[in-house]
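Written out below as structure tokens is the structure these notes cover.
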Amino acid sequence: MNITYVNPGFQAMIDSIMLFQTDGETSYWSDSIFYFFPKLNKDVFQTLDFNAKKKYFFNELNEIYHEQESLLNEKVEEYNNHWGKYRIQIEEALSDAFELDSHLLFNDLRAEICLNPVSPRFLKERYFQIFYLNSERGAIGVSIHEIIHFLWFHVWNQNFHDNYDEYERPSLKWILSEMVVECIMRDERLSSINPYFPRENGGCIYGYFQDMKLDDRMALDIIDEYYQCGNIRKFMHESYAYCQKHEEEIKLHISKAEKKF
């Protein structure tokens, strides 16, 4: 595996931000941009149609981008250097977790350092985004999370022979892929270099999974028990069957949590 961290340019950042400003999007995803950039006027923004919203962000964030451009470019060097220090360690841990040789896979991953706080990932295109305010340690934590997704769906697709289009939010397959990150991240080779682990440090998965109970047990505890079987493919089948059994409850829990940022 290898990651190249880049500054994708301002237009790419605007396009990324707008992915989370569509009609019907929840506050959990849409509102972080207003938190990190208080000069943006949310009340004014919400009166606009989609194209006007995009133009508003372009105009308002353009100055910020140019003010931060030198910092963004410094981050490129910092993140690439820090990744290089831990690349082999991460590859070895994830090779064990996924029962494959990860050294040979995903050597063309790209990480775009962006103004977008949400930081989406794009499986088929083989890139993801990182919010520029992360330190190099934070960037490693986010990167491990995202690499887990790439490897998870690589193995998943070989196992289930389904379609990559089924792996995006809000599908149950996407939900499970987000839930499993924590148990894989427990490996000392990964957790020791991730400043967002354990939960007391903010957590390496969405907060609404951390308090989710199903049948009076914490859902993540059940997921972790399945992971302890030591066979990644068996784990995928058992954890997915568990989520299918509780799909309605899981999605209701997430729906309630995503109503606020």
Side-chain angles (χ1 to χ4, degrees), residues 3 5-80 82-83 110-122 127-146 149 168-170 178 181 194-197 199-210 254 257-261:
I3 300 171
Y5 296 87
V6 301
N7 174 355
F10 181 59
Q11 185 60 58
M13 299 183 194
I14 295 297
D15 292 341
S16 171
I17 289 167
M18 292 308 299
L19 292 174
F20 301 93
Q21 301 298 333
T22 56
D23 290 341
E25 188 59 271
T26 62
S27 298
Y28 188 87
W29 301 99
S30 64
D31 284 8
S32 60
I33 190 73
F34 299 100
Y35 174 83
F36 285 101
F37 301 105
K39 72 167 287 188
L40 299 174
N41 189 319
K42 183 180 175 182
D43 292 333
V44 170
F45 180 80
Q46 289 180 329
T47 66
L48 307 174
D49 64 24
F50 183 83
N51 289 332
K53 286 178 178 178
K54 187 172 185 178
K55 184 176 180 181
Y56 176 83
F57 275 147
F58 189 95
N59 293 334
E60 294 297 321
L61 293 174
N62 190 42
E63 181 179 354
I64 293 173
Y65 173 79
H66 287 294
E67 289 173 352
Q68 300 296 316
E69 188 172 13
S70 61
L71 175 61
L72 283 157
N73 292 332
E74 288 173 14
K75 297 278 186 174
V76 170
E77 184 174 359
E78 290 174 5
Y79 291 5
N80 279 307
H82 199 65
W83 165 257
R110 186 173 82 257
E112 298 183 345
I113 306 169
C114 289
L115 299 180
N116 184 3
V118 177
S119 302
R121 57 110 177 100
F122 304 87
Y127 76 97
F128 59 93
Q129 296 177 333
I130 293 180
F131 189 40
Y132 82 108
L133 291 181
N134 273 288
S135 67
E136 66 272 20
R137 293 182 66 245
I140 279 283
V142 174
S143 297
I144 297 170
H145 177 117
E146 300 303 338
H149 287 312
E168 302 301 336
R169 182 173 69 97
E178 295 293 345
V181 168
N194 182 359
Y196 300 123
F197 189 95
R199 295 180 194 177
E200 291 75 15
N201 292 345
C204 61
I205 61 174
Y206 297 121
Y208 52 62
F209 292 127
Q210 298 174 19
I254 293 173
E258 287 188 350
K259 289 181 178 177
K260 57 183 179 180
F261 168 60

Count the heavy atoms belonging to other residues, nucleotides or ligands that lie under 6.0 Å from [atom1] of [X], then report whether that count exceeds 12.
| X | atom1 | result |
| --- | --- | --- |
| F36 | CZ | yes |
| Q11 | CD | yes |
| E77 | CD | no |
| K39 | NZ | yes |

At their closest point, which heavy atom of [X] faces which heavy atom of [Y], and how far apart are they?
| X | Y | value |
| --- | --- | --- |
| S27 | K260 | CB-CA, 3.9 Å |
| R137 | P195 | O-CD, 3.2 Å |
| I130 | A139 | CD1-O, 3.8 Å |
| V76 | V6 | CG2-C, 3.8 Å |
| S143 | Y5 | OG-OH, 2.7 Å |
| S32 | V118 | OG-CG2, 3.6 Å |

Quiz item: Does the separation of the ring centres of Y206 and W29 fall below 6.0 angstrom?
Solution: yes
Exercise. Taking the six-membered ring for Trp and the full ring for Phe, Tyr or His, determine whether the centres of Y28 and F261 are under 6.0 Å apart.
Key: no
Whether [X] side chain and [Y] backbone form a donor-acceptor pair below 3.5 Å:
| X | Y | value |
| --- | --- | --- |
| Y132 | P117 | no |
| N7 | N73 | no |
| N134 | F131 | yes |
| T22 | E25 | no |
| Y56 | L40 | no |

Is the shortest side-chain heavy-atom distance between [X] and [Y] below 4.5 Å?
| X | Y | answer |
| --- | --- | --- |
| F10 | L61 | yes |
| I3 | Y79 | no |
| V142 | Y196 | yes |
| K259 | T26 | no |
| C114 | P8 | yes |
| N116 | M13 | no |

Exercise. Answer yes or no for K53 and F45: cation-pi contact, defined as NZ/CZ to six-membered ring centre under 6.0 Å and angle to ring axis within 45°.
Key: yes
Exercise. Kindly indicate whether a cation-pi arrangement holds for R121 with F128, taking the cut-offs as under 6.0 Å to the six-membered ring centre and within 45° of the axis.
Key: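 No, R121 and F128 do not form such a contact.
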Practice problem: Could you walk me through whether Y65 and L72 pass side chain to side chain contact (heavy atoms under 4.5 Å, CB included), step by step? | Solution: CA-CA 9 Å; Y65 173 79; L72 283 157; 3.6 Å; yes
Interatomic distance, [X] atom [atom1] to [Y] atom [atom2] [nearest 0.5 angstrom]:
| X | Y | atom1 | atom2 | answer |
| --- | --- | --- | --- | --- |
| F122 | E146 | CZ | CD | 10.0 Å |
| K75 | N80 | NZ | CG | 13.0 Å |
| E78 | S135 | CD | OG | 9.0 Å |
| H145 | N194 | NE2 | CG | 10.0 Å |
| N62 | E60 | CG | CD | 10.0 Å |
| K55 | D49 | NZ | CG | 11.0 Å |

Exercise. Say whether Q21 and S30, considering side chains only, have a donor N or O and an acceptor N or O under 3.5 Å apart.
Key: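 Q21 vs S30: no donor-acceptor pair found between side chains.
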Exercise. Report the C-alpha separation of I14 and K54 in whole Å, then their side-chain angles, then the decisive distance to 0.1 Å, and conclude whether the side chain to side chain contact (heavy atoms under 4.5 Å, CB included) test is met.
Key: CA-CA 7 Å; I14 295 297; K54 187 172 185 178; 3.9 Å; yes
Quiz item: E112 and R110: salt bridge (Lys or Arg N to Asp or Glu O under 4.0 Å), yes or no, with the steps?
Solution: CA-CA 6 Å; E112 298 183 345; R110 186 173 82 257; 3.0 Å; yes
Quiz item: Hey, mind stepping through I205 and E178 against side chain to side chain contact (heavy atoms under 4.5 Å, CB included) and telling me if it holds?
Solution: CA-CA 6 Å; I205 61 174; E178 295 293 345; 5.7 Å; no
Quiz item: Between F34 and F57, what is the ring plane arrangement, given parallel below 30°, perpendicular above 60°, and tilted in between?
Solution: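 Rings of F34 and F57: tilted, 30 to 60°.
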Quiz item: What's the verdict on side chain to side chain contact (heavy atoms under 4.5 Å, CB included) for F50 and D23, showing C-alpha distance, side-chain angles and the deciding distance?
Solution: CA-CA 8 Å; F50 183 83; D23 290 341; over 6 Å; no
